[in-house]
Structure formats: C-alpha cells, structure tokens
Amino acid sequence: MGTRNQFADIILVVVGVVLIRWAVSLNPYSGADVPPMYGDYEAQRHWMEITTNLPIEQWYMNSTDNDLLYWGLDYPPITAYHSWLCGKVADYINPDWVALKSSRGYESSQHKLFMRYTVLVVDLLLYIPAIIAFFLWTLKDQTDGEKLVCAAVALLYPGLALIDHGHFQYNNASLGFALWAIVALATGHDLLGSIGFVLALNYKQMELYHAMPFFCYLLGRCFYSKDENGFLKLIKIGVTVIITFALCWLPFLSDIDLLVQVVHRLFPFDRGLFEDKVSNIWCSLEVLFKIRRILSQQSLVQLSLATTVGCLLPSSVELLLRPNVQKFKLALVNSSLIFFLFSYQVHEKSILIAALPVCLILHQYSFGCTWFLLVSTFSMLPLLIKDGLILPYAALCLLFYLAVNVSQSEWFTSKPNPSPHIVIQLLFWASMCGATLLSAASVTMTPPARYPDLFPVLVSVYSCGHFVLFLIWFHYLQFTTPWSSEVKVQQRKFEAHTGVKKSKGKKKSHKVE
C-alpha cells in the first residue's frame, strides 16, 4: 500500500469511527434531568467547575466551596488537570457552565454539545491514533490493508463507545495512555512505555488492573537483556518512573496533609466491596451468601486482596520468567480480568479495562475475543438501560459482530482464523440467545415487587459465569504461547539492521532481548 493511499485509508477509518461515536452521543447521557445528583455527566462538569474556580490545594479538600459529598474529585492529578483545561475552555465560551455553586446540575443543548466534543477530542488526539499505531507498527506478516482493517474492527468495540460517548466518561484518556505504553513496549521502547503507563495510572487509578503485567514484563526484560546491562536498564526504568510520578504529583508534594488527602480520595474503602450490580465474584456470591453482612469491612478488604493477589501470581510469574510481547498482552487480559472479578470497590464500567487488551488480540483469536467483548458490553446492560442507551447498545453490538465476521472473510484477509469446533459455535449461540433474552426481558418486563433487582442480578451472575470461563481460557493461551517466538523476531531484526546472520551451528538462546 502506497503512503498516500494508506493515509487516505486511515482518514476513512477515522471518519467512519467518529461518525459512529457521534451518533451515539446524540442519545441521552448519565443522569440527564435527574436531580439532585444527576450522574457521571454532572460529575465531570462539576470537576471542571471546581478546578477552574478553586486553587489547586483545595481541589481534593472538603470545604464550603467544595462539598466532597457532591461528586468530590476522586481521580488522580492528570484527571484534575484535564478537568481544569476543559473548564477553562468552558469558562471562555460560557462562564455559566462552570460558575462556582450556581452551575450545579447545569444542562443545555449547547453545553451537551461542548461536553461531547471534549470526549471526541480525546479520542482523536489519543485513543484512535494509539489503536491505529498498535496495529500498523506491531503486527507481523500482514499487509498494511489487513492491519488497518484490524484497527477499524477494534475501534468498533461497542462498550467503550457506549460508556464514553453515551453514558459520558473519559475512559479513552486512561486507556489511550495505556495503549501508547503498550505500543512503546511492543516496539522496544521500554522507557517511553514506562512513561506512558505512569500517565495512564495518574489519570485513573483503575489502571492498577494493568500494573502487574507492566512490572513483570519490564523486570523480565531487564533479567534477559542482551543489548545492555540488565541492572543498569532496571535503574533507568526506575528513575524514569519516579520522575514521571513526581512531575504528575508536583503541586501536591509540598504539603503532606494534602498528599494524604488526595491518596485517601483515590482509595475510598468506605464505599464498600462493590457498587450496583457488577458482574464479579463478590456480587454474584451475594445472591447466595450476604457476605457484606457476614464479614466486616476490614475482613472484606483482606479477603479481596488475598484472592486477587493469589489469582494474579501464576500469570505474573510466568510472564516474569518468560517475557515476550504476546504473553504480555495476554497477561494484561488476565490481570485486569482478575482485578475485575476479585478486587475491592469494583464498578461495572471497569470491564472496559479488561476489554482493551482483548481488542489488541482480536485479530488472532477472533471468535473467542468477539464473544468476550460482546458479553463485556452486555454486562453493563442495567447501566445502559438506566441511561436510555438500549437502541445504540443493540445496534453497535450487531455492527461489531458483523464487522468481525467480514474482517475474517477472504475479502479482507489472506489468513482468516480457523473456525471453532461445532460444539463451541453452538455454545456461543446459546450464550448470545441467553444475553438477548435477558436484554429483552430487562426492557419489556416488570420484575416481581419482592425482587426489584431481579434482572440486573441475572445479568450480573450470567456475565460473571462467562468471565470466569474466559479467565481460564486466557490463562491457557498465555501458558501455551511459545516463549521462543519473539526470539525469532528479534533475530530477524538483528539480521536486518546489521546484515550479519547469526551462526546456525550454535544452540539458539531462549532469552528475550
């Protein structure tokens, strides 16, 4: 594909993706016309109000001007800086949008348009370029056209579009930073990858879901480094991480009480084990055993910590001992899914963190990953119904499924994934039928008065069962992925750059460069 044609195709993909996202944004947002707390839309607007009107040392502190019980800022500093930047633009356009106190619950068509634009700008500047860069720069043995098709399909994942452009959040920012970090590591730029992940973590603390694979992969690379001293490499990465963290937190480092308050806001253990009907282990077990009544808060924290760490160890240790990019991507899936299923204070939208790395391997395991991504979107159904997003939910899921199948046809790829066994296909359709029936029932049927949360609970348990089985499958993929595959890639790079072929008479090393 020529450079000019490739650029035109990229523009075409971006325009198509933007139009779909914009169509979603025409629907209602979280908490529209629902006082007194409204929803996440109001939370983001309120953070713009607070950061624009108050000095930085008051952003996370409770005061008469900043009531933390009313959508108090509870994300890391980069989210606050982003809110400040958007707030300054809002103040320039219409000061009423971010006027201190008087702007609470502000709603208008012009303001909605502005807020929707702010999400779209993050997509255009951060998330969409990162997805395209990942597939164009890291995929092997595909044409540029096939790589771009893979990127387009990944960008059609319905969950992120529905939450960011429908419900209203900026998940594309933290996921975009994480994506650029993955791109950097996959192309051998470990220091840039470290910076990218620190930025992601300092935008949303939920990026801790991805932290263990980043740590183990980078540490493993230091252990098996052949191009430089491993200990020196580790020092450089450590210093880079510390400096990046320090720069992000610089305005809060001068006052220890302020620093402690910010950390306290980021990890509010008093909110409970989970919120709403999230599709994880604890919410599902609550149906049978009222664990939140049986165990104290401290015991629940300890239990969730022990189970999360225990489940993380196999995948993390395997990546540490046998680091390569493919195992790293699979470990990202396993780690984030374990956090979602077992950790403390989980939101239903956190499944998007696990969906990100699944999108990156969609082209390799199209059937299983499509199944997971559809279930992950379905798991947020109660929230989508509450926000009035049921029609875009159905339309985007259908569009995504069709796009994946078309991308695997001979029209778009010379190497389609093999069809799964007929039994697996039947299980997939049974799963989709169950999700469709639950979706229809949730919209059209009134639950018994005795069980008002019947349908959200059924969606939660149904999705959780799928996620547990997917977790087992993704672990299987990680542990059966050859470690030597990346060694061969590194050897080809060495030969391409130096023109010198390594001796075939020597035993091949299984160490990753």
Side-chain angles (χ1 to χ4, degrees), residues 20-35 37-41 107 112 156-169 274-280 283-288 346-352 355 370-405 425-470:
I20 291 171
R21 280 159 156 72
W22 193 251
V24 174
S25 74
L26 298 176
N27 290 274
Y29 51 80
S30 169
D33 300 318
V34 185
M37 295 298 290
Y38 301 92
D40 279 341
Y41 177 94
E107 293 179 297
K112 177 186 176 182
L156 290 178
Y157 168 57
L160 184 62
L162 289 167
I163 295 302
D164 279 5
H165 296 271
H167 173 83
F168 197 89
Q169 281 192 332
F274 55 84
E275 290 193 14
D276 296 323
K277 298 299 182 287
V278 63
S279 301
N280 73 352
C283 186
S284 299
L285 286 178
E286 186 80 7
V287 176
L288 300 175
V346 175
H347 297 257
E348 68 271 70
K349 299 180 288 292
S350 298
I351 194 61
L352 298 177
T370 301
W371 193 349
F372 173 88
L373 293 171
L374 289 173
V375 173
S376 71
T377 305
F378 166 75
S379 72
M380 298 183 286
L381 179 66
L383 177 67
L384 300 176
I385 292 175
K386 181 180 178 181
D387 292 340
L389 298 172
I390 191 66
L391 288 179
Y393 155 74
L396 288 189
C397 285
L398 179 60
L399 175 64
F400 177 69
Y401 176 76
L402 293 175
V404 172
N405 280 272
Q425 294 186 51
L426 290 174
L427 288 174
F428 167 77
W429 285 113
S431 167
M432 291 298 101
C433 286
T436 302
L437 289 174
L438 275 175
S439 298
S442 299
V443 174
T444 61
M445 296 178 64
T446 301
R450 185 179 177 184
Y451 303 108
D453 294 328
L454 174 64
F455 293 123
V457 169
L458 289 175
V459 169
S460 170
V461 174
Y462 188 80
S463 301
C464 180
H466 281 75
F467 293 148
V468 170
L469 294 176
F470 279 121

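- The two atoms that bring Pro456 and Lys277 nearest to each other are CB-CG, 3.8 Å, heavy atoms only.
- Interatomic distance, His347 NE2 to Ile163 CD1, rounded to the nearest 0.5 Å: 12.5 Å.
- Contact record, Pro448 with Leu454: CD-CD2, 3.8 Å, taken as the closest heavy-atom pair.
- Using a 4.5 Å cut-off on side-chain heavy atoms (C-beta onward), Glu107 and Asp33 make contact.
- Residues Tyr462 and Ser431 form a side-chain contact, since some pair of their non-hydrogen atoms from C-beta on lies under 4.5 Å apart.
- Side chains of Leu162 and Lys349 form no contact here, defined as non-hydrogen atoms less than 4.5 Å apart.
- The two atoms that bring Ser460 and Cys283 nearest to each other are OG-SG, 3.7 Å, heavy atoms only.
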* Asked: Going through the distances and angles, do Tyr41 and Tyr29 end up as a ring-ring contact (aromatic ring centres under 6.0 Å, His included)?
  -> CA-CA 7 Å; Tyr41 177 94; Tyr29 51 80; 3.7 Å; yes
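- One distance of note links NE2 of His165 with CH2 of Trp22; it measures 9.5 Å at 0.5 Å rounding.
- Checked by atom type and distance alone, the side chain of Asn27 pairs as donor or acceptor with a backbone atom of Val24 at under 3.5 Å.
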If you look only at distance, which donor and acceptor atoms sit under 3.5 Å apart when one is on a side chain in residues 378-401 and the other is two or more places apart or in another chain?
unit_1, atom_1, unit_2, atom_2, d
Ser379, OG, Ser376, O, 2.6
Asp387, OD2, His167, ND1, 2.4
Tyr393, OH, Ser439, OG, 3.1

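- Closest approach of Ser442 and Val459 over heavy atoms only: OG-CG2, 4.3 Å.
- Considering every non-hydrogen atom in both Phe467 and Val375, the closest pair reads CE2-CG1, 3.9 Å.
- Between Thr377 and Leu373 there is no side-chain heavy-atom pair separated by less than 4.5 Å.
- Using a 4.5 Å heavy-atom cutoff, the side chains of Tyr157 and Val404 are not in contact.
- Scanning all heavy atoms of the two residues, the minimum distance from Pro35 to Tyr38 falls at CB-OH, 3.5 Å.
- Distance alone, capped at 3.5 Å, is enough to place a donor-acceptor pair between the Ser30 side chain and the Asp40 backbone.
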